[in-house]
Every structure is written in C-alpha cells, then in structure tokens.
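Input: a single structure, listed below in structure tokens.
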Amino acid sequence: MDSNSSFNAEQLAAIETTAKHVLVLAGAGTGKTTTIVGRCNHLIRSGVPEREILLITFTRRAAHEIRSRIRGPEGKRSLVTASTFHSWAMRLIRNNPNVFKLESPSLIDRDDVITLLQRYRKTHASQNLPKARDLADFHSLLVNTRLPAEEAAKLAGIDEDKLSQYTEASKFYVDFKRSRNYIDYDDVLERVAEEIARPAIAKAIGKRFSHVMIDEMQDTNPLQYLIVDALAPHVNLFCVGDDAQSIYGFRGADFESIHAFTSRYPDAVVLKLQENFRSTQEILDVSNWLLERSPLEYDKELRAARGAGQKPILREFEDQWSQADYVAETIVTSFCTEQRWANNMVLVRSGYSARAVESEFLSRKIPHVLIGGQSLFGAKHVKDVMALLRIYANRWDELAWMRYLQLWKGIGEVTAERIFRQLALGAEDSVGRGRNTETPLLDMVRDAKASDSAGWTEPLLRCLTASSKPDELLGAVLDAMEKPMAKIYRNDHWDARRRDFTYIRQLAKKHRTVHAFVDEYSLNPVYEKQLEKKGETDLVKIITIHSAKGLEAQRCFVVDVARGTFPQPGLTEKEAEEERRVLYVALTRAADELHITRAERGWTASGSSKGDEAYFLDGLPLELVAYVTEPESDPDAGIEIRF
DNA sequence: GGGGGACACCTTTTT
DNA sequence: GGTGTCCCCC
C-alpha cells in the first residue's frame, strides 16, 4: 500500500497534487479511503509534520478506520489528528475556555434535550405543542442550516401557523442551556464556528494545522462549512466526496454545495476517481440504473475494473421471518466452503429491520455483530448511573439531578424539582453568608437524609465523597446503586443490564478525569454489541446503511427493500431522492454477490405497482438481476422434486 | 402528586 | 419489543 504502484493514475494525481485546495470527487468503491491515507502518507514523506495534519470525518467509525491505516514512525501511534468535526471542536472548547467563552460546560445528548423539551411541553400543556422530538429536530435544523426560521420550517414541512410554537420552544431551550452552562452537539460546532470567524483565531488554528482533509465532503452542512470557510485562507484543504452518496440531508447537509466548491474556493482544483475496484460490473449495472432513474443529475457511471461476475439476486418473501431465514441459510451454506463469516454483511435501513435477522442469527448461532443500533450509553440503566457521575462532575447539572431523583419510589417530576431547587437555593445561601462553601452540597444532603424515606441520599453521599478517579468513582456508585437498581429493574432484564456495567468500568479506566469520561460517553458512545464481540473478528455484520458507508463485503444482503418501507410513504421528492442515494450506498457495498430482498407479496417487475407509493425497483429491467419469488407467492415456480 | 395500566405509534439515519 | 402518552385511581 505504500508504494506508488498500488495506486492508479487517478488516485496518484490526487495524492501528489500540489494545488492549495483540492476536491476529489470519488464514486463508490473508487478507493476513497486508500487515497486519503495515501495523501496523508505522501504529505508526511514530503516533510509535513504529522501533527500539522487534521483529518475530519463524519462518523467515529470512519475516524477510527483511517487512524488505524495511517502508520506512525516505527509502528508508533501517528500524530495525525483524525476525528469527527464534533470531537475536534469539543477538544478545542475544553482546552481554550477563554477563547470559546465556556468554562467547563456540560455536554448534553439528544436524550437530555428531549427530556427537557418534554418537561417544557408539560408546562405548556394547554397549547398542544408538537412532540418533543420534533421540537428538538427543528431547533437542530435551524442551527445546522443557518436558515431563517421560515425557510427552515419549509424545509421541515412545518405549517406556518405552527411555527411560533417551534420558535418559542427553541428560545426556551437556548435560554435554559445558557443559564445552566449546558452545550449540545450543535452548540459545539456553533461555538467554534462563531469564534473561528475571528481572523486571529482562524490564523492560530491554521498555524497548528497546515493541512486539513475532509472525508465525505457531501455531508458537510452549512454550520460545518462556516468552519471550513474560515480555515480555508490559512490551510490547505483536501476534500473528498461523492454527491451520489449524500445521505445526511436530515442533518442539514446539501450535496449541491460540493458542486459550488470551485466558486467557493477559487484556487481549488477538482479531480475525479471513476474506476471502481470493489464490485463486479453486474452489481454496478443495477446501481447505475438506480441513479439514472433519478430526476437529479449525478454525472456518474461507475465502471468495474474487475469486470464481470454474477447477477445480483432479487428475492421476495412472504414475511420477514422467511426473509431472515433465507439470509441465514445463504450465509451458513457459504460458510461451508468459505470458512469465513466476515465475508457477509447485512444492510438495513433502520435498526428496526435488523431485529428479525438478528434473532434468526441468534437461534442459528451465527457469529455476528450489530452496528448502528442503540448505544450502550443510551440504555436506561447506564444513563441512571451516569447521572450520578454527571452530578459529580458538575454539581448543578439539573438534568442529571432530575433523572437521578426520579429513580426513587415516591419521587416524580414535581418532587424531584422541589428537592433540586431547595438544594440549589441552600447552596446559594451559604455562599451568600460567606460560610465555608467547600462542601455545602454534602452538608445539605446529609441534612436531608433524616427526612429521606425514598433512599436517594445514601448513594449520592457515597458518590460525592468518592475518589475522583473515574473507575473508582464508578465502582463506588455501582456499589451503592446495585441494590436499588435491582429493585427498579426487577422485571426488566436486570441480569442482562447488570452485565453492561463491567464494560462501562473498563471504559472508565481509560480516562483521567470524570469530566473527560462523561464527555466521552456522549461523543463516543460504545456500542453494546461491539463490546461483547471485542476480540472476535470473524463475524457477520448487521449494519445500518448510514453506518456502512465506506465499508464493503464480498457478499451483501440488502433487506426490506419493500414498497411502503423503503422509501417510506409520504416523503417529499427531495427526501425520496435522499432515500434513493441511501439505497445506492447499500448496493455499492457489495463486491461479488448482492442479494436484494423484500418481505412482502406482490412486487411487480415493470412498474404496475399495487400500492401508490414510490418504489425504487419499479421498472427494473429483469435482465439486470436474477429474480426469484418465494414458492408461497407463486406455487408453480417453487416446485422442486427430490429423488 | 405519584404510579400503574391501557393505548397508540412506532422506528429513520449520526454527532 | 419498545417507548411515549393519556387517563384514572391511590
């Protein structure tokens, strides 16, 4: 991989370019990651200090992947910074409180935001407000797109007469965060974007990082663009993207912006990677067909460097169980000859779709890993425990207090809020009176113990008096919470939940401060199923398509490609086209064997659909695939006589 | 004010 | 199978 002979001419041109700013348009499977890594190594060889290279990705997974492929000197860890926009920005904020005007803020995640907005909704119950989730999503869209509220509303399909409810909620939310020193994911970027607009700041950052590389440029949203724009005069940009793989529109990304790259950065060159090394031509034929059917212009026609192979298989099933059975059966059969589970990848549109497949794998004992589902830190019981750690890190983290207090029998929202207010007021008082304020909270909790029949004071005291080493603190907290949690979760898989804490403790060991650990759990959640599989490498991947971008496997199953499911009904054209790109990403993951399946009766080849919903495979020329119906759907087609 | 039961409506996708 | 929401009883 190090010698230039392993790159083709297109890749080499990108790797060795001397242009200040570069945009590489790289179709699926054209060696995008290889090129980024190659560019990185090339820069280092040409004398650019490793620490001057900043490599930005959109998912943690991609950051990790790239980091592992950049070699440091003599096998040492490379000094190249490879991280997501968010974790890079968060580190800047933490390390420069004066510049970013935030002193140890508490980072809150989406669940916290929703909890908070649920509370807001209750206090405005008469107004019949939109769901907390919708309020949160709208606010986030507003921040990420930088649009005026009216236009963002149009984008999100919000009625004009409802808009004031959304903007009022946003206002409440922003005020709440400011008064409590909270920041959310969007604030992390926004804070950096605002300060980096000052030339002195941008210049200082440019001094540290001379080369900024951005992966998946098409997913960059306007907020992130502000950061890139500010850096552009001071750094060399190397951006890689593919408009056909833009699948983060819901986060405010607009792939049209990469078309405007050269007008944005006049001294930029645009290079193309068009030769696909991953897939057989048959797989690309179906993928190309899908894109051609789009009303949008992608100017893309992938060519297979590898040549011909076998046609993709299109199958339909009665229900999701027979579909899952087919996937499992095919994999087991292949394992007999290949002796390798990891040749297989199952791609799902949503975590929900993964369930039937996973349960089939479990019953057949097929070693697998589920990626993109719920994060371990998203689990209720983990959040309960983390609430105590959050209080430790930031004594007046109201959301953490509310969560913790409401665990206890007899304490609901109202009582929890009362207790919190009393403590906060008491602390203020003792500051006002100039008392020794070292431990006012501790004293007050001790005082409260006398009247505490619910039991909340005891674990809290253990927590507040514990060691400041994350793993020791966590140990103390778990110790104190074990019994009460066993009771709370007695009918709710307590044994399975309890096991998770072992992993959390291992993770805590890696951090020096509680603050760092609490941050990490928001920005870098660890996925439960992945942790369990640590060490095992030969696994079938069940993965959401969004998480699978950049990955490949010899044999891929794209399941639940069904009318009314993928795409879901009722999407705007813009949204539906994004779904088309999602499917495109899925299809182009396959190297040799592609199985497209759907679990429903009645798929028709030539567009004479039964439902009114859009369906991407309508009109698919049957010669592009091997099409098989399940026996139940067409009894005659399935007759098999055994001898 | 808390809690349990019934109910609907799910599920996008990531930081 | 899971979770948010509403309603009614304690």
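Residue numbering restarts at 1 for every chain, and letters A, B, ... go by the order of the sequence lines.
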Classify the nucleic acid contact of [X] as base, sugar-phosphate or nothing, counting any heavy atom under 4.0 Å across all strands shown.
X	result
Arg418(A)	nothing
Ile411(A)	sugar-phosphate
Tyr248(A)	sugar-phosphate
Glu578(A)	nothing

Between [N] ([atom2]) and [X] ([atom1]): distance, integer Å:
X	N	atom1	atom2	result
Asp560(A)	dT11(B)	CG	P	16 Å
Leu223(A)	dT14(B)	CG	P	19 Å
Trp321(A)	dG1(C)	CH2	C1'	12 Å
Gln218(A)	dT14(B)	CD	C1'	14 Å
Tyr185(A)	dT13(B)	OH	P	15 Å
Glu358(A)	dG2(C)	CD	P	12 Å
Leu362(A)	dG1(C)	CG	C1'	14 Å
Ile543(A)	dT14(B)	CD1	C1'	13 Å

Contact nearer the 5' end of DNA chain B, comparing Glu579(A) with Trp408(A):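 Closest to the 5' end, via its nearest nucleotide, is Trp408(A).
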
Return the 5'-most residue of the pair Glu413(A), Glu575(A) with respect to DNA chain B, ranking by each residue's nearest nucleotide. Glu413(A)

Students often mix this up, so state it plainly: with edges at 30° and 60°, are the rings of Tyr120(A) and His124(A) parallel, tilted or perpendicular?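 Correct class here is tilted.
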
Measure up the Phe501(A) and His381(A) rings against each other and bin them: parallel (under 30°), tilted (30 to 60°), perpendicular (over 60°). perpendicular

Centre of Tyr248(A)'s six-membered ring, under 6.0 Å away, within 45 degrees of the axis: is that where NZ or CZ of Arg251(A) sits? yes

Is the phosphate of [N] approached by [X] (side-chain N or O, under 4.0 Å from OP1 or OP2)?
X	N	answer
Lys131(A)	dT3(C)	no
Arg133(A)	dC10(B)	no
Ser547(A)	dT13(B)	no
Gln118(A)	dT5(C)	yes
Thr84(A)	dT14(B)	no

For Tyr225(A), all residues meeting side-chain hydrogen bond (donor to acceptor under 3.5 Å, both in side chains), sequence neighbours excluded: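 If we apply the side-chain hydrogen bond (donor to acceptor under 3.5 Å, both in side chains) test to Tyr225(A), skipping adjacent residues, there are no hits.
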
Non-neighbouring partners of Arg121(A) that pass side-chain hydrogen bond (donor to acceptor under 3.5 Å, both in side chains), sequence neighbours left out: none

Treating a pair as Watson-Crick (purine N1 to pyrimidine N3 plus N6-O4 or O6-N4) or G-U wobble (N1-O2 and O6-N3) with both distances under 3.5 Å, list the stems of 3 or more consecutive pairs that involve DNA chain B.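 So far as stems of 3 or more pairs are concerned, DNA chain B shows B:1-9 with C:2-10.
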
Phe58(A) over dT15(B), stacked by centroid distance under 5.5 Å, angle under 30°: no

My understanding is that only residues two or more places apart in sequence, or in another chain, count here; which of them pass salt bridge (charged side-chain N to carboxylate O under 4.0 Å, His left out) with Lys177(A)? Asp184(A), Asp187(A)

Using the test salt bridge (charged side-chain N to carboxylate O under 4.0 Å, His left out), find all partners of Arg191(A) that sit at least two apart in sequence or belong to another chain.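 Scan of Arg191(A) (salt bridge (charged side-chain N to carboxylate O under 4.0 Å, His left out), adjacent residues dropped) gives Glu194(A), Glu195(A).
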
Say whether, by atom type as modelled, one donor and one acceptor occur between the side chain of Asn96(A) and the main chain of Leu92(A) under 3.5 angstrom.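 Confirmed, Asn96(A) side chain pairs with Leu92(A) backbone.
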
From [options], pick the nucleotide closest to the side chain of [X]?
X	options	answer
Arg110(A)	dT15(B), dT13(B), dG4(B)	dT15(B)
Thr415(A)	dT14(B), dG2(B), dT11(B)	dG2(B)
Arg251(A)	dG1(B), dT13(B), dT15(B)	dT15(B)
Lys409(A)	dT14(B), dG4(B), dG2(B)	dG4(B)

Quick one: list whatever passes ring-ring contact (aromatic ring centres under 6.0 Å, His included) with Phe238(A), sequence neighbours left out.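 Not a single residue meets the ring-ring contact (aromatic ring centres under 6.0 Å, His included) criterion with Phe238(A).
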
